[in-house]
Amino acid sequence: MVSENPHLGDQQEPMQEDSDTRPLSITSRRGPRSLPPIPSASRTGFAEFSMRERMREKLQAARSKAESTLLQEIPTPRPRRLQSPNKRELETEFGTEVRKAGEEVQRTQQDDFQSYSRVKFRDSVQKIKPKLPVPPGFPSAEEAYNFFTFNFDPEPEESQEKPKAKTRAGTNQEEEEGEEEEPPAQGERRTDEEELLSAKDEEDFLLGLDHAAEDFIAVRPAEYESVHVRLQMERELLFVPSRVTVPTYKKLPENVQPRFLEDEGLYIGARPEVPRTCQNTMENRLLTQEPGRKWFGDDGRILALPNPTKAFPSRPPVLTQAQDIKAELETLYKKAVKYVHRSQHMIGSGDPPGNFQLDIDISGLIFTHHPCFSREHVLAAKLAQLYDQYLARQQRNKAKFLTDKLQALRNAVQTGMNPAKPHKSLDTTQKAINEYKSEIRQTRKLRDTEQEKDRTLLKTIIKVWKEMKSLREFQRFTNTPLKLVLRKEKVDREADEAAYEAEIQAEISELLEEHREEYEQKMEAYRAAYQQWKAWKKAQRAKKKKKKQEHPVEEHPDEGLEEPYPGEEPVKPVPPEPTDQALVEQQVRERAARSRRRPGEPTLVPELSLAGSITPNEQCPRVEVLRREDVKRRSIYIKVIFNDKEVSRTDSRPLGADFRVHFGQIFNLQIFNWPESLTLQVYETVGHTGTTLLAEVFLPIPETTVVTGRAPIEEVEFSSNQHVTLDHEGVGSGVPFSFEADGSNQLILMTSGKVSNSVAWAIGENGIPLIPPLSQQNIGFRSALKRADAISSIGTSGLTDLKKLAKWAAESKLDPNDPNNAPLMQLISVATSGESYVPDFFRLEQLQQEFNFVSDEELNRSKRFRLLCLRSQEVPEFRNYKQIPAYDREILEKVFQDYEKRLRDRNIIETKDHIDTHRAIVAKYLQQVRESVINRFLIAKHHFLLSDLVVEEEVPNISILGLSLFKLAEQKRPLRPRRKGRKKVTAQNLSDGDIKVLVNIIRAYDIPVRKPTASKFQQPSRSSRTFSEKRAASPTTHSPTHSVDYPLGQVLVRPFVEVSFQRTICHTTTAEGPNPSWNEELELPFRAPNGDYSTTSLQSVKDDVFINIFDEVLYDVLEDDRERGSGIHTRIERHWLGSVKIPFSTIYFQAKIDGTFKIDIPPVLLGYSKERSLIIERGFDSVRSLSEGSYITLFITIEPQLVPGESVREKFDSQEDEKLLQATEKFQTECALKFPHRQCLTTVTDISGKTVFVTRYLKPLNPPQELLDACPNSPQATAELVARYVSLIPFLPDTVSFASICDLWSTSDQFLDLLAGDEEEHAVLLCNYFLSLGKKAWLMMGSAIPEGPTAYVLTREQSHYLIWNPCTGHFYGQFDTFCPLKSVGCLIGPDNIWFNIQRYDSPLRINFDVTKPKLWKSFFSRSLPYPGLSSVQPEELIYQRTDKAAAAELQDRIEKILKEKIMDWRPRHLTRWNRYCTSALRHFLPVLERSRGEDVEDDHRAELLKQLGDYRFSGFPLHMPYSELKPLIEAVYSTGVHNIDVPNVEFALAVYIHPYPKNVLSVWIYVASLIRNR
Amino acid sequence: PWSFPGAPSLAMTAAGPSVFLLMVNGQVESAQFPEYDDLYCKYCFVYGQDWAPTAGLEEGISQITSKSQDVRRVLVWNFPIDVTFKSTNPYGWPQIVLSVYGPDVFGNDVVRGYGAVHVPFSPGRHKRTIPMFVPESTSKLQKFTSWFMGRRPEYTDPKVVAQGEGREVTRVRSQGFVTLLFNVVTKDMRKLGYDTGPPDTQGTSGPSPPQGIPR
């Protein structure tokens, strides 16, 4: 033993190695262990570490014990060797953490076994079964480790070499492992088994060990293992299971008979197929293991699940090999499955659908005529027919019956005449006798005809027989076996004669009586008639006399009226003649002789027999032989047609010589429905050539009572219309032939015959007739379709039938209670009750009515349906209607009110909103234009181009390709900051309150400041100044004097900003001074009209955001100076200074508005003046001279950001040249490539929706002469006046009027007619005026604030350019910093378009010289010269002078309305109007108009002060173009004048309208509040 | 006498419901795009004017998934859908529109398929396999450049695949399938007179066989 320390050091290393490989060793023996897993993160980490720790501890503790054990053993590097196979298995085996722990124990066990199994291993190998006794001292873990450590005593180098040398041992082991694959599974939870297995392992180890012991000798011979030894060894090691079949008893427990479940009737699945030998091997192997029998079932076979493999592949066929499918597919014959028809015709759903059966018995066929008939046959057929008739008559014997009846009646009359029974009343007797007599008459007549018929029939029979006999004699052969025998029956002549005579006498007497009665009746009638005639004659005579006296002329017309017998003139009646007895007798006798057997004449009874012999063929002439042969060649069969479908056919039977065919076949038809038709088709086959349809026989469908067995054989006749001519004795069909030699008396016979058949319902097994239910019959099936419309669905043939049927049913007096008649009665009731009316029209969609679930009226009444219809028609009111309620009752009537009102008002011109009629007409016209454009657009919207649907990159040209390639090479700059866009919201799911308008008020410049409170001494000097002085005096010159007025430290102005939007008002805090800075954010909620947040709806919002600037003024209201010490009483007043108005649509389209805007300050602001040049130096002042005014810096946006509606690409048709259009597209794309954000406009849409080239809009147009005359000397003044005129035309954005549709350009005359338009129209008109004034002018497309993309006008003066805002009339120099136009996209002249290709687009930095192609890209150039496009503008504009009276009237009305409004806005205060002030203001407004709002303040103020001396006055004039009333009201409201609530306030309001030509009105509103100074 | 705040008033419930509800949940399960990998998908619902979503997400974008390594080569997203609609009218029944995107050889994100299917009408569990398609380039040259530039033709709005209007101007190529699983629950449909369920009151039917080409 060496010292501990090196030991430890040594040990740790191998151990470490070992722990790496440990999981592998485990896997070789997969015995389940129940050791808890060691949770370890990594194999070599924690597990290894803990192992070492444990080892170290245990090493110490168990050293002594281990030493003693070790001494007995040969120290071996066993564990080392164990590693070798494990290492080898590294790739394939898998180890788990659990195993790792288990392995530890296992190893100890192994090693422990090693120690004692050496002694016993021979035993253990030899006996496989016996248990290996568990050693008493089963080693504990400590011992195991101990042992383990000692194994490593040998030199590490050696032990490392060892594995390589011992590969054989390794392979050996591997084999063993292979063997052991099965047993571990067997030994679940059986430690015994495990031990056994481990012991087996040991053998191997021990064997290896023996050799290993020699390894300690340094020099040794080459290792050799004799074959013998090896075999021996293997025999001991290896178990080779035998292939011999194991006898059953071995596999079963003792004394148990095998039990075969299958024989007991239990199901046993098919076992998987395993070769017999494999099975035997397996069985043998299992038996050698301990609990081997548990693997065997009761039948002594290995337990096995049924074969899981499917017999067929479940993989679907590969589709690509389509051609192979056919080959692979196997067609399977499947018997046709009966389609159980859910009888469509069935109504009574209670009737069970079943199989019904109709038996058709076709017994035979007889031809009454056939083309092959010889003449004799024809006669024979005739004879047979007659004889049949005779027999039938004889059977009925009608004549006899009638004779008897007659006799009985006569007797009755006799007894009635001689009343033997006196109790009968005379009346009834007489009546009965009369009835009898009439019956006798009837019966006699019938009897006579019957007797006559009998007689003639007999005569005919005899005649035909005679003919036949003569024919036979003539042709010298006999064809038919017919033979007629007449049997004479003797009669008693005497009795016969007496009876005959008696009969005649009776008849005569009766007749005479009859005649007598008749004569009497006639006499009676004659007498009555004669009387009448006489009376008439008399009256006639009297009248004639009368008339002749009075009105000889008017005789005739009156005659008819006064006649007792209106109508014709009665004839004089003729008296009837009495009957002649002799004549009657003669008649009777004649008749009797004709119809009756003479007395004494024997009765003839014909008897037809087939006893005659037919002449054999040899004796017949050739033609007859041919005929007979022809007959033989023919055969007949019959097809059974059921419901127009062939269901079966009979065998083909040869035609007999007697022209009879016997079939005798019964067909059973299995049916589901009541049969509609049943037909037999008779076919004839001649030889082998052809089959011809001879005839169709229609069979009646049997009554429900007719069942098989009870049905009589019926003969149904048929006939064919075929024409056959034969070249032999046969007479043919349809061709004339004659019996006479001379060919006279021709006959034409058609093929005809009789089919004897019977049709009956079959009887089922249980005796129930298989008849379809009654309801399914004809009637039922018809009414099932549709009660009301049955006829139209069946067709006209059914209709006629029905009519006839009803008629017949009514006439035939059917018993309505007979169940047999029930369906018929039902039909009749339906037909007669009118429920089924007979339409006399044809309907294309017969069943449409069936699909209507409500009537049309009801559907039209439905509000929901109406709403749905209107929405789908895209009616504007309903286009975006969401969630149409599910029920009518939830739809309010008012939903439709607007729509209906609009429809009503379409043609009514509403003057209420517009006051002046012209504008009302214009508004109406605009509305109509809008509608038509919208309709056009809606149609165009449904027409798509590829680019509407698919985004596709253009094919790039080389420069762009190069650019993009360059971009690829560009350095990526991940740190480059990018502005992140706000999230955009689609407007679909928004509701009220979701959208807010954010207004950020930043600062303002140059707010007007208060003037010092009026100092009385200054006034006179002011007021004395003349009007002309004012112009001359520059405001700047006043400034110094003003400044003097300001006391030091006094607040100049205290402005605050109030933002109002949709009547919601927010205001900022109050700032101080003329250049205030607020920097406040105001939030205003936004409500969409009708809660509709769709894009189209939002685009059409017309609301404006008003930004008003007020001055907050504090007034001391303390009236008593003594209280000043104790309290402050001030009143806050606010004075309106100006406003900025921004339409919501602008905000919506721009998403944000950011900039400095000019405040719209009224021209006269009493009490305020611009604080100017006080601080500013003069030099700078001159620069700003053009831009005087106040400015405010704002930022407005919508939160959340809304996605603006895409501007719809105009898809309208055009009348422009196709080349030009292509050029415009090219131009635009080129421009867009270079400067995608610059506006480039080449084509626009005109008001009728057509695309027009834009230059066509520009053309010199004359401005109103009135304006030209105003300042004839100053072109600049004229230009300004014209610009003002244009700006006075109201502004109406296209997007509002044509919501989201497109930009429509109207021509200038249309614009002036409409008196509304947006920037383009204003700009076009202004440009055209300038052109006509001789200026060089262009339309300038660009973007400005706040409008966004807009149109301005550029003019070129002598040395500089001027930019005109057409909507305000203001103009700016090119270098004016306050010019609202911020970028220029293109210039449009009357003959060309120039696109700005300069680097900058701000008007300050660009050159407007369009002749430079480097700066301006022109549309028409040398390559595409200007083609000289005609203008769309009119030749000349015609201006009507506006009616001044109408303007004055409008002025009064506006004033009145505004006053009312102000009073309405002050519901809690009294509103007093200062009439004096109002009139003063009214006089002042025209002055303002004349001066165009320029500074007239001072004079005005002075004047006012003079007039209203002791009033504190606050007010201002508002100026705007007139469009309609609403904007005016809004503007007045926004000033907040009405908000003053000082108790003694008075108001003044004056309106002035200045008419310009063409109904352009300039409106001035002066609104003021006055407070009396105390 | 008393009622819960927020509960529908008694009068309203007595009068019967005025809307019906359609709850759809399920998932965009997987896709088969034999030629492409690393795809993600977007879904959104298209529905008529009478429909309004009441709960859940009507749009979604999934993670990027790679092909499975086994032979099936499926792209599994298992991306949940859960949305509830209310409506008064079955017209405009919701459709789910799927669009699948993924990188092309140059790494550009291009569209790999569009598809749409109606949400099943009847309550229960439904599996749908939607064949997908993409718009084709108008010419060979376009095709090449779009391939080269990585800007394949795309629909301006994926929702066009849920409508029939204007489709006649496009040409598409089909590629791939997406499998969707829907669990549909409806409420008050029958009360409003719309019967979409199976005739018996069992309510659910077994998973219907997937449509289209067998997988």
Side-chain angles (χ1 to χ4, degrees), chain A residues 314-320 853-854 864-865 867-872 874 878-891 940-958 960-961 963-965 967-968 986 988-991 1092-1094 1203 1206 1209 1211, chain B residues 12 15-20 47-53 58-59 86-92 106 111 134-157 159-161 163 165-172 188-189 191-194 213-215:
Chain A
S314 57
R315 185 166 172 248
V318 185
L319 287 171
T320 48
F853 49 92
V854 289
R864 182 166 193 259
F865 179 70
L867 208 53
L868 287 167
C869 284
L870 288 170
R871 185 176 70 179
S872 86
E874 301 196 310
F878 306 101
R879 199 180 303 149
N880 294 302
Y881 201 96
K882 292 217 176 106
Q883 298 243 323
I884 289 175
Y887 297 110
D888 265 4
R889 59 168 186 268
E890 292 164 1
I891 300 171
K941 207 173 83 174
H942 293 286
H943 174 250
F944 289 89
L945 296 179
L946 179 67
S947 54
D948 297 332
L949 288 175
V950 178
V951 189
E952 193 174 17
E953 285 282 287
E954 292 279 315
V955 176
N957 57 23
I958 195 70
I960 293 175
L961 204 64
L963 206 71
S964 58
L965 281 174
K967 258 186 195 163
L968 284 177
T986 41
Q988 199 171 31
N989 308 313
L990 295 167
S991 59
D1092 178 6
Y1093 285 84
S1094 67
V1203 178
E1206 295 148 38
R1209 201 177 41 73
K1211 290 177 219 173
Chain B
M12 276 303 286
S18 57
V19 293
F20 63 85
Y47 43 83
Q49 283 182 309
D50 294 323
W51 290 78
E58 31 167 345
E59 289 182 322
K86 72 173 177 189
S87 176
T88 56
N89 191 352
Y91 175 75
F106 301 111
V111 69
V134 285
E136 271 280 57
S137 297
T138 42
S139 66
K140 282 261 158 58
L141 179 62
Q142 287 269 25
K143 192 167 185 167
F144 171 74
T145 52
S146 66
W147 172 81
F148 186 72
M149 309 276 289
R151 300 284 302 271
R152 309 285 169 94
E154 281 183 31
Y155 281 123
T156 48
D157 182 359
K159 290 181 179 178
V160 299
V161 301
Q163 73 190 31
E165 205 172 41
R167 291 270 279 276
E168 72 277 8
V169 298
T170 64
R171 302 287 177 271
V172 300
D188 291 338
M189 287 272 285
K191 282 184 193 162
L192 286 172
Y194 304 116
I213 294 167
R215 311 180 48 215

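Reminder, nothing fancy here: chain letters follow the sequence lines and each chain counts from 1.
More than 12 heavy atoms of other residues, nucleotides or ligands sit less than 6.0 Å from atom CZ of A/Arg871.
Looking at B/Ser146, neither its backbone nor its side chain comes within 4.5 Å of chain A, counting heavy atoms on both sides. Residue contact with chain A, scored on non-hydrogen atoms closer than 4.5 Å, involves the side chain of B/Tyr91 exclusively. Neither the backbone nor the side chain of B/Arg171 comes within contact range of chain A; no heavy atoms are under 4.5 Å apart.
In plain terms, the two heavy atoms of B/Ser18 and A/Ala886 that are nearest each other are O-CB, 3.5 Å.
How far OG1 of B/Thr88 is from CZ of A/Arg864: 5.5 Å, rounded to the nearest 0.5 Å.
Under the salt bridge (Lys or Arg N to Asp or Glu O under 4.0 Å) criterion, B/Glu136 pairs with B/Lys143, B/Arg173, not counting sequence neighbours. Legend: residues meeting salt bridge (Lys or Arg N to Asp or Glu O under 4.0 Å) with B/Asp188, ordered by chain and number and at least two apart, are B/Lys191.
Two residues are said to be in side-chain contact when any heavy atoms from C-beta on lie closer than 4.5 Å; A/Leu868 and B/Asn89 meet this criterion.
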